Amino acid sequence: MEETTNNNEEKKSLNFIEEIIEEDLRNGVNEGRVHTRFPPEPNGYLHIGHAKSICLNFGLGKKYNGKTNLRFDDTNPVKEDVEYVDSIMEDVKWLGFDWEDRLFYASDYFEQLYEYAIILIKKGKAFVCDMNAEEISETRGTPTRPGKESPYRGRTIEENLDLFTRMRKGEFPDGAKVLRAKIDMSSPNMHMRDPIIYRILHTSHHRTGDQWCIYPMYDFAHGQSDSLEHITHSICTLEFEVHRPLYDWFIREIGIYAPRQIEFARLNLTYTVMSKRKLLDLVKEGFVQGWDDPRMPTICGLRRRGYTPESIRNFAETIGVAKRDNVIDVSLLEFCIREDLNKRANRLMAVLNPLKVIIDNYPDDLVEEMNATNNPEDESRGKRKVPFSKTIYIEQDDFMETPQGKFFRLSPGREVRLRSAYIIKCESVVKEPETGRILEIHCSYDPMTKSGMAESNRKVKSTLHWVSAKHAVTAEIRLYDRLFIKENPDEVEEGKTYKDYFNTNSLKICSALIEPAVISAKNLDKFQFERIGYFAVDKDTTPKNLVFNRVVPLKDSWNKNEKK
RNA sequence: UGUCCGAUGGUGUAAUUGGCAACACAACUGACUCUGGAUCAGUAGAGUCCAGGUUCGAACCCUGGUCGGACAACCA
């Protein structure tokens, strides 16, 4: 519909990465080929920050008719596990991306990488060093002070070859020796100070088993892996900018194809943390119930919470990509899921804090099937039947004995519409004598105002949701709030840690009375409970116990005014 | 007292590459509404980190500062 108004097709501006790619395309670099990759380490679950990278890499592949690989950078067997490999593949697929037949592992290249190391040794560009971790660290210098050369730096090529071969054979224990690149101990770039490229690790690997006892360092594997896969644009986060000269050095010395690395700023979100380590702490220390706890910014957490792949992709698109540090307001993420669910989630009525309403002039045993619209945004979703009877429940918040301010819901003597049903009028209030607590309210209904009836269009100030007492289904409801009480939990005061800002009210469990149509709901089904919010069926649901997660509440301008 | 990177409304991203700051979220008005949702209309909010310079003209180029981030794991 937008395109009908302006035919001079408003072209969307390019982000800086697309600009670089298009420039390369114009210059005929790589024969016009675009090939990206998403290279996670299988040592944890993916989070929304990874989603940004996934959408970027796969999005670019798609946009430029190129390809995108999935490659696991699995060079550290002590931290990695197939559990993570599986979850990562599941998450990428769920987000809607396809690596087709291009699933790779850095461990696929171990033999090749070993050969590359031999090349370096033969060129006199790498040496076996016998110093231990502490000694190496001490001689590395600091960013402002040059390091000292290793006493083993001068070993002959033959000696290095012999030692490295024996390292591979398993003749030395963990930590006894490392292979180092011979570059420059006085380089202002710490990564160029004779970096370690191979270490001894007598640990079995999740894919290569006990085939190897030496493993390449990430820096020695990543760039070459990209090269081997003929990646044209290696997109990564900012912290690897300083590594680029090293990658370039390896590629040049080994003499292989050079991809172009482009760095972008990682995503930060308000009221949460985004590092794998911190997320793991929250799981291990029981702040949350697992990686897929719906409060977690992990992909599996968001999925369980009720987020859709479309909403996350749209979020990634909306936040854009640049090089400056950024913190995105969670409200943008919430906007994206509301926007999506508004169009696709069917409506249901559910009461969280019930207040009993008896309609005195309604026949005792009558049950009427009301016609309710499933989704007013999409008439094709049709209608459903909602049973109505003499005793119903409404939300406690929807009644005020002495209405204040602009409260225009139910109160004594006032009329309101019951959604998809009748207009009722509050006639009296029954209270507990001692406490004054409201027990129930009595109303009358106007039979001529049934929804859909010709004369039903009388204007009333508000419409309330409701459920029929004898037909309602009970469900467990989990209400989530932000994980932390501080916008940036990483910004800690003296003597505190991000954990001190954990929001102890981030999960509230309550129950709800829901209209009977809910019983057919299956895991991950999403609904809008009218006037409350979007809810998704949780996997903890059993035939006896329906469990819903609140994805996000509806915007509430009344509640907002109240808080002022 | 190093190297690299960055700096545009509250937040994020733009600005046809030197032509007079736009879009989205958030906020606020109002209209409409059988969801105080959605939708629609509108308002406010930056003169682009600072100081110089080049130019008819600078958010874009140059110089010098300031501030912020990354880098000293046998992690990735």
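Naming: A, B, ... by sequence-line order, numbering from 1 per chain. Every value quoted in this text rests on a predicted model; they were computed, and no experiment measured them.
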* Asked: Is Arg417(A) near enough to G36(B) that one of its side-chain N or O atoms lies under 4.0 angstrom from OP1 or OP2?
  -> no

* Asked: Base, sugar-phosphate alone, or nothing: which one does Arg409(A) contact when heavy atoms must sit under 4.0 Å apart?
  -> base

* Compute whether any side-chain donor of one residue and acceptor of the other, for Glu415(A) and Tyr445(A), lie under 3.5 angstrom apart. => no

Is there any protein nitrogen or oxygen under 3.5 Å from a nitrogen or oxygen in nucleotides 59-62 of chain B, and what are the pairs?
none

* For Lys406(A), report the nucleic acid contact type (base, sugar-phosphate, nothing); a contact means any heavy atom under 4.0 Å. => base

* Asked: If you measure from the C1' atom in A70(B) to the same atom in A76(B), how many Å do you get, rounded?
  -> 15 Å

* Structure fact -> Side-chain contact check for Tyr218(A): nearest option of A26(B), A76(B), C74(B) is A76(B)

* To do: Could you tell me whether Ser331(A) contacts a base, only the sugar-phosphate backbone, or nothing, with contacts defined as non-hydrogen atoms closer than 4.0 Å?
  => sugar-phosphate

* Could you tell me whether the phosphate oxygens of C75(B), OP1 or OP2, come under 4.0 Å of any side-chain nitrogen or oxygen in Arg199(A)? => yes

* Which label fits U63(B), syn or anti, where anti is any glycosidic angle not within 90° of 0? -> anti

* For G47(B), does the O4'-C1'-N9-C4 (purine) or O4'-C1'-N1-C2 (pyrimidine) torsion place it in syn, i.e. within 90° of 0, or in anti? -> syn

* Specify the residue among Val178(A) and Asn375(A) whose closest nucleotide of RNA chain B lies further upstream toward the 5′ end. => Asn375(A)

* **Residue mapping more 5' on RNA chain B - nearest nucleotide basis, Val78(A) or Phe407(A)** => Phe407(A)

* Report the residues that fulfil side chain to side chain donor-acceptor pair (under 3.5 Å) with Arg417(A), sequence neighbours left out, ordered by chain and then residue number. => none

* To do: For the side chain of Arg419(A), starting at C-beta, report the closest nucleotide among U35(B), C25(B), C75(B).
  => U35(B)

* **For Arg166(A), all residues meeting side-chain contact (heavy atoms from CB on, under 4.5 Å), sequence neighbours excluded** => Asp162(A), Leu163(A), Glu171(A), Phe172(A)

* **N or O in side chain of Thr75(A) less than 4.0 angstrom from A76(B) OP1/OP2** => yes

* Asked: Checking all strands, does Gly452(A) fall into the base, sugar-phosphate, or nothing category for heavy-atom contacts under 4.0 angstrom?
  -> base

* To do: Tell me, please, which residues at least two apart from Asp340(A) pass salt bridge (charged side-chain N to carboxylate O under 4.0 Å, His left out).
  => Arg344(A)

* Output field: ring centroids Phe315(A)/Phe335(A) closer than 6.0 Å -> no

* Asked: For RNA chain B, what dot-bracket results from Watson-Crick or G-U pairs at under 3.5 Å, with [ ] for crossers and | for inter-strand partners?
  -> .((((((..((((.....[..)))).(((((.......))))).....(((((..]....))))))))))).....

* To do: Mind checking the CG-CG spacing from Leu355(A) to Leu464(A)? Nearest 0.5 Å is all I need.
  => 10.5 Å

* If you measure from the P atom in A27(B) to the same atom in C67(B), how many Å do you get, rounded? -> 35 Å

* Taking the six-membered ring for Trp and the single ring otherwise, decide whether the centroids of Phe104(A) and Phe72(A) are under 6.0 Å apart. => no

Anything under 3.5 Å between a protein N or O and an N or O of nucleotides 11-15 of chain B, put it in a table, one pair a line.
unit_1, atom_1, unit_2, atom_2, d
U11(B), O3', Val327(A), O, 3.2
U11(B), O2', Val327(A), O, 2.9
G12(B), OP1, Val327(A), N, 3.1
G12(B), O2', Ile319(A), O, 2.8
U13(B), OP2, Arg324(A), NH1, 2.8
A14(B), OP1, Val321(A), O, 3.4
A14(B), O2', Ser13(A), OG, 3.1

* Asked: Can you name the nearest heavy-atom pair linking His47(A) to Ile299(A), along with the distance?
  -> O-CD1, 3.7 Å

* Asked: Parallel, tilted or perpendicular for Phe527(A) and Phe548(A), by the 30°/60° rule?
  -> perpendicular

* Asked: Got a sec, which residues hit salt bridge (charged side-chain N to carboxylate O under 4.0 Å, His left out) with Asp397(A), two or more places apart in sequence or on another chain?
  -> none

* **Over 12 non-hydrogen atoms of neighbours within 6.0 angstrom of CZ in Arg266(A)** => no

* Pick base, sugar-phosphate or nothing for Arg193(A), based on heavy-atom distances below 4.0 Å to the nucleic acid. => nothing

* To do: Tell me what Met167(A) touches on the nucleic acid: a base, only sugar-phosphate, or nothing, going by heavy atoms under 4.0 Å.
  => nothing

* Interatomic distance at P, A38(B) relative to U29(B), whole Å -> 15 Å

* Asked: Side chains of Asn43(A) and Lys276(A): do they bring a donor and an acceptor to under 3.5 Å?
  -> yes

* Do you know the tightest heavy-atom contact between Ser411(A) and Met400(A)? -> CB-O, 2.8 Å

* Taking atom P in both U1(B) and A7(B), compute the distance separating them and give it to the nearest angstrom. => 28 Å

* Asked: Rounding to the closest angstrom, what is the interatomic distance between G45(B) and G53(B) at atom C1'?
  -> 32 Å

* When rounded to the nearest Å, what value does the distance between P atoms of C25(B) and G37(B) take? -> 15 Å

* To do: Could you list the residues that satisfy salt bridge (charged side-chain N to carboxylate O under 4.0 Å, His left out) with Glu334(A), not counting sequence neighbours?
  => none

* Identify whether any heavy atom of Glu530(A) sits under 4.0 Å from a base atom; if not, whether one sits that close to sugar-phosphate; answer base, sugar-phosphate or nothing. => base

* Which residues share a ring-ring contact (aromatic ring centres under 6.0 Å, His included) with Trp291(A), sequence neighbours left out -> Tyr45(A)

* To do: Kindly state each residue pair satisfying side-chain hydrogen bond (donor to acceptor under 3.5 Å, both in side chains) with at least one member in residues 193-203 of chain A, sequence neighbours excluded.
  => Arg153(A)-Asp194(A)

* **Centroid-centroid under 6.0 Å between Phe110(A) and His205(A) rings** => yes

* Asked: Between Phe407(A) and Phe399(A), does the ring centre distance come in under 6.0 Å?
  -> no

* Asked: Out of A38(B), A76(B), C74(B), which has the shortest distance to the side chain of Lys555(A)?
  -> A38(B)

Grab the N/O contacts between the protein and nucleotides 70-72 of chain B below 3.5 Å, and write none if there aren't any.
unit_1, atom_1, unit_2, atom_2, d
C71(B), O2', His191(A), NE2, 3.0

* Rounding to the closest angstrom, what is the interatomic distance between C49(B) and A41(B) at atom P? -> 33 Å

Can you pull every protein N or O that's under 3.5 Å from an N or O on nucleotides 39-45 of chain B?
none

* C1' spacing across the pair U66(B) / C74(B), given as an integer number of angstrom -> 39 Å

